[in-house]
Amino acid sequence: YFLNKALHDDQSRISLYKKLTSLYAYQGQSQPIIEKYESAIKRYPNRVDFYNDLAELYVKNKVDYNKINDLFIRAVEANPTNSQLHVSLGDSYYYSKAFDKANDEYLSAITLDKNNTDAYGKLLSLYWDKADYAKVTQYASESIKNNNNFPTAYLWLGSVYLKQNKTQEAINVIKKSVTLRPDFIIGYNSLGLAYRADKKYDLAIQQFMKAVELNPNYEEAMFNLGDTYMQKKSYSDAEKAYNIILKGDPYNDAVYFALGNLFTESKEFDKSVKNFEKAILLNPKSLDYRNNLGNSYLKQNKLGNAVEEFENILRIDPKYATAYYNIACVYSLKMDNNYSLKFLEQAINLDSSLKSVAKNDPDLTSLKDDNRFKELVE
């Protein structure tokens with residue numbers, strides 16, 4: 001009551017808006033806060049913090065994004081030279097999926113302030129989502145030129161190099177990002193990926209461990225650590241890494257899938273099957289999970305179980321080429337060349353890259369001298 005009265009008597013006292021909205025927030029009343037901020041913005045259109053506070057309230061109250069767009073359009077109209085407001089408007093457009101408008105606002109922010117690293121970061125993320133790596137390279141390089149102390153720009157540039165299989169260039173650039181910011185967790189994870197792509201597994205492991213040391217709950221780095229141990233065939237270390245994730249996230253289907261692959265490689269097939277089954281239970285739509293379970297049965301020479309899994313896949317997706325291919329392998333092992341060739345032909349018709357796989361697959365040995373096989377794979 002007294003704060004409202006004071007504000008009514010003297011609306012120029014900006015601190016009263018903040019105190020009053022804090023009180024309403026404490027009482028759990030959102031609508032009065034929104035009304036106060038809307039009133040304050042009309043009176044003080046140059047108070048940037050009011051726009052940001054009101055936008056947060058709109059988001060919390062699930063207000064339509066068009067209203068948030070309109071709010072920041074007004075903010076930019078009232079403060080056209082404020083670079084950060086253009087970023088906020090760009091963010092609003094981005095979340096409402098108006099990507100071209102978001103792009104324009106981020107560029108406007110950079111035109112006003114070439115050192116606006118927030119704008120560059122959002123622009124780089126936008127083009128990465130579009131898979132426009134030429135633009136990512138362009139703006140990352142431009143950002144570094146304008147501000148060579150911006151670690152995120154080095155990270156994006158290194159990520160493009162990694163996409164292009166330029167592993168040494170990726171390593172050199174991403175190293176710069178963690179040198180500039182020693183607590184840059186994502187940077188260490190990306191550097192680990194770059195070293196792993198270059199088959200420098202021990203160096204990769206060091207980077208993933210550094211990321212996890214900085215944030216023990218960083219699942220992606222721990223998962224990458226497990227995968228790197230897998231590539232080194234250090235199966236016990238890989239298992240430990242995956243199990244650490246499961247302690248904090250016991251319903252992570254991707255980890256059970258990774259463990260299934262691990263135990264298939266280490267020929268612990270009972271464990272392999274159990275983990276694939278858990279992964280499928282948690283994510284029954286994943287055909288890759290079912291396919292690898294079938295492969296586990298195939299490696300155990302449980303051909304009936306294997307065919308059952310591959311046929312389950314084809315009931316869900318009749319165009320899943322790998323399932324046809326694997327059934328062809330089963331029938332080849334059964335020395336039933338006619339059926340094997342029938343399924344192999346279906347597989348190759350769906351995915352011609354399977355020709356090169358088939359040429360050297362020991363599971364298809366029984367077909368190697370068959371002219372029909374030679375015609376299929378040539």
Side-chain angles (χ1 to χ4, degrees), residues 131 165 197 223 226-227 230-231 233 235 238-239 242 252-378:
N165 295 317
F223 197 94
D227 284 356
M230 274 282 290
Q231 291 187 27
K233 301 190 183 304
Y235 297 127
E239 184 181 356
Y242 294 139
N252 191 317
D253 55 285
V255 176
Y256 287 112
F257 179 60
L259 283 166
N261 291 328
L262 184 157
F263 291 125
T264 298
E265 282 200 27
S266 63
K267 296 182 170 47
E268 298 174 80
F269 293 116
D270 287 344
K271 291 182 180 179
S272 170
V273 169
K274 285 179 182 177
N275 279 281
F276 284 135
E277 286 177 341
K278 285 179 183 177
I280 292 167
L281 185 65
L282 290 165
N283 185 1
K285 293 182 179 180
S286 174
L287 302 185
D288 290 342
Y289 293 1
R290 295 178 185 275
N291 183 68
N292 285 25
L293 174 58
N295 276 327
S296 178
Y297 284 130
L298 191 58
K299 290 178 184 295
Q300 298 174 66
N301 206 35
K302 293 182 177 180
L303 303 183
N305 298 90
V307 168
E308 184 180 348
E309 287 304 322
F310 299 137
E311 287 178 341
N312 284 338
I313 293 171
L314 294 176
R315 288 189 193 97
I316 299 168
D317 181 4
K319 294 185 178 181
Y320 193 87
T322 307
Y324 287 106
Y325 180 89
N326 286 331
I327 293 174
C329 291
V330 171
Y331 281 114
S332 174
L333 292 168
K334 287 183 172 184
M335 307 301 289
D336 188 337
N337 288 3
N338 288 331
Y339 264 110
S340 181
L341 286 164
K342 172 188 169 184
F343 283 100
L344 183 60
E345 182 176 8
Q346 287 175 291
I348 289 172
N349 285 340
L350 289 167
D351 182 358
S352 60
S353 70
L354 290 171
K355 288 182 180 182
S356 60
V357 178
K359 285 180 181 179
N360 301 306
D361 192 333
D363 288 339
L364 297 175
T365 299
S366 71
L367 303 178
K368 295 297 170 68
D369 295 326
D370 192 311
N371 288 330
R372 293 173 294 173
F373 174 77
K374 293 175 183 177
E375 288 177 10
L376 273 177
V377 299
E378 291 304 327

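Computed from a predicted model, the values in this text were never measured in an experiment.
Using a 4.5 Å heavy-atom threshold, the side chains of L282 and Y256 count as touching. By the 4.5 Å heavy-atom criterion applied to side chains, R290 and P284 are counted as neighbours. With contacts defined as side-chain heavy-atom distances shorter than 4.5 Å, the pair N326/I313 does not qualify. Considering only heavy atoms from C-beta on, N337 comes within 4.5 Å of S366 through its side chain.
Interatomic distance, S332 OG to D361 CG, rounded to the nearest 0.5 Å: 8.0 Å. Once rounded to the nearest 0.5 Å, the distance linking OG1 of T365 with CZ of F373 reads 9.0 Å. Atom CG in D370 sits 11.5 Å away from atom CG in L364 (nearest 0.5 Å). Separating the CG atom in D317 from the CG atom in L350 is a distance of 9.0 Å, to the nearest 0.5 Å. Rounding to the nearest 0.5 Å places CG of L293 at 4.0 Å from CD of E309. With rounding to the nearest 0.5 angstrom, the CG atom of L344 is 8.0 Å from the CG atom of L354.
A side-chain donor from one of E265 and Y235 sits under 3.5 Å from a side-chain acceptor of the other. Side-chain N/O atoms of N338 and R372 include a donor and acceptor closer than 3.5 Å. Side-chain N/O atoms of Q300 and S296 include a donor and acceptor closer than 3.5 Å.
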Check the pair D253 / S286 against side-chain contact (heavy atoms from CB on, under 4.5 Å), numbers first and verdict last.
CA-CA 10 Å; D253 55 285; S286 174; 5.9 Å; no
List the steps and the verdict of side-chain contact (heavy atoms from CB on, under 4.5 Å) for E239 and L259.
CA-CA 7 Å; E239 184 181 356; L259 283 166; 4.1 Å; yes
Under the side-chain contact (heavy atoms from CB on, under 4.5 Å) criterion, do F263 and F269 qualify, and how do the steps go?
CA-CA 6 Å; F263 291 125; F269 293 116; over 6 Å; no
Apply side-chain contact (heavy atoms from CB on, under 4.5 Å) to residues D363 and V330 and explain how you reach the verdict.
CA-CA 8 Å; D363 288 339; V330 171; over 6 Å; no
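Using a cutoff of 4.0 Å between basic side-chain nitrogens and carboxylate oxygens, K334 and D336 are not scored as salt-bridged.
Side chain of S340 to main chain of A328: a donor-acceptor pair is present (N/O by atom type, distance under 3.5 Å, no hydrogens or angles). Between the side chain of S356 and the backbone N or O of S353 there is at least one donor-acceptor pair closer than 3.5 Å. N291 places no side-chain N or O within 3.5 Å of a backbone atom of F310 that could act as its donor or acceptor partner. A donor-acceptor contact shorter than 3.5 Å is absent between the side chain of K359 and the backbone of E378. Between the N283 side chain and the A279 main chain, no donor and acceptor come within less than 3.5 Å of each other. Listed for the N312 side chain is a donor-acceptor partner under 3.5 Å among the backbone atoms of E308. In this structure a side-chain-to-backbone donor-acceptor pair under 3.5 Å is present from T264 to G260.
Among all heavy-atom pairs drawn from K368 and A358, the shortest one is CE-O, 3.8 Å. Between L376 and I348, the shortest heavy-atom contact is O-CD1, 4.0 Å.
Here Y289 and F276 keep their ring centres 6.0 angstrom or further from each other. For an aromatic pair to be called close, the ring centres must be under 6.0 Å apart, and Y242 with F223 satisfies this.
Counted within 6.0 Å of NZ on K319, heavy atoms from surrounding residues, nucleotides or ligands total 12 or fewer; the atom is thus considered open. No more than 12 heavy-atom neighbours from other residues, nucleotides or ligands sit within 6.0 angstrom of NZ on K274.
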